Amino acid sequence: MHLMTVCLGNICRSPAAEAVLTARLEEAGLDDVTVSSAGTADYHVGERPHPQSSAEGESRGYAFTSRGAQFDAADFDTADLVLAMDSSNEEDLLALARSPEDAAKVVRLGAFASDVEETGVRDVPDPWGESREAFVAMYDQVEDAVAGLVAAIEQGRVEEVLAAYRAAR
Ligand code: 4NP
């Protein structure tokens with residue numbers, strides 16, 4: 001199984017979600033699940049994650065190895081799940097989908113959050129240009145949703161969550 005996390009620039013949120021997912025999957029012993037990330041835009045191709053994102057992540061014990069990449073429609077061929085950070089990323093990804101099968105792989109990470117029943121699916125807001133607090137809040141939100149995603153993988157519930165998500169889209 002291959003998971004992709006996707007935001008706009010691929011320097012703040014999606015590298016954070018990639019790093020958190022990689023750590024949690026390893027802890028869970030889910031060796032056959034791989035993770036990569038991309039941005040819908042090409043602004044930061046080849047760049048390291050934003051220093052505020054990697055600094056907060058490193059303080060929480062995560063490692064950052066990937067460089068900025070732009071999402072390409074061909075990524076739908078290798079990804080089983082394309083995790084958008086916000087609704088705008090989701091719209092951009094759906095516009096790139098070549099088939100209903102591609103589109104069916106797109107879900108916002110917030111679909112796996114612990115409070116989704118109460119709040120509905122929430123976006124992970126863009127922290128770029130914001131204060132440290134925004135990066136702290138972003139990680140808190142990402143860690144919560146990643147825990148839900150890893151639990152769903154372990155329990156074989158991913159397709160169930162996706163089906164409900166698509167029905168509401
Ligand atoms: P990200 O944040 O989508 O979480 O990586 C952003 C990074 C850069 C830009 C926008 C959002 N930008 O416009 O360059």
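In listed order, ligands and their atoms are each counted from 1. Here the structure is a predicted model, which is why all the values come from computation and not from measurement.
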Which atoms of ligand 1 have any heavy atom of [X] under 4.0 Å away?
{"X": "C12", "answer": "1 (P), 2 (O), 4 (O), 5 (O)"}
{"X": "G9", "answer": "1 (P), 3 (O), 5 (O)"}
{"X": "D126", "answer": "2 (O), 4 (O), 6 (C), 10 (C), 11 (C)"}

Q. With a 4.0 Å cut-off, would you call R108 and D86 a salt bridge?
A. no
Q: Identify whether the distance between the nearest side-chain nitrogen and carboxylate oxygen of E56 and R60 falls below 4.0 Å.
A: yes
Q: Check the side chains of H2 and T78 for a donor-acceptor pair under 3.5 angstrom, ignoring hydrogens and angles.
A: no
Q: May I ask you to check whether over 12 heavy atoms, not counting those of E159, lie within 6.0 Å of atom CD?
A: yes
(Q) For L8, which part has a heavy atom under 4.0 Å from ligand 1: side chain, backbone, both, or neither? (A) both
Q | Side chain, backbone, both or neither: the part of H44 lying under 4.0 Å from ligand 1 by heavy atom | A | side chain
Q | Mutual orientation of the aromatic rings belonging to F64 and Y139 [parallel < 30°, tilted 30-60°, perpendicular > 60°] | A | perpendicular
Q. Okay, side chain of D75, backbone of F71: is any donor-acceptor separation there less than 3.5 Å?
A. no
Indicate yes or no: does an N/O atom of [X] lie under 3.5 Å from an N/O atom of ligand 1?
{"X": "R13", "answer": "yes"}
{"X": "W128", "answer": "no"}
{"X": "I11", "answer": "yes"}

Q) Got the closest protein heavy atom to atom 1 (P) of ligand 1, with its distance? A) C7 SG, 3.4 Å
Q: Carefully, step by step, assess E18 and R13 under the rule salt bridge (Lys or Arg N to Asp or Glu O under 4.0 Å).
A: CA-CA 9 Å; E18 177 186 14; R13 293 165 292 174; over 6 Å; no
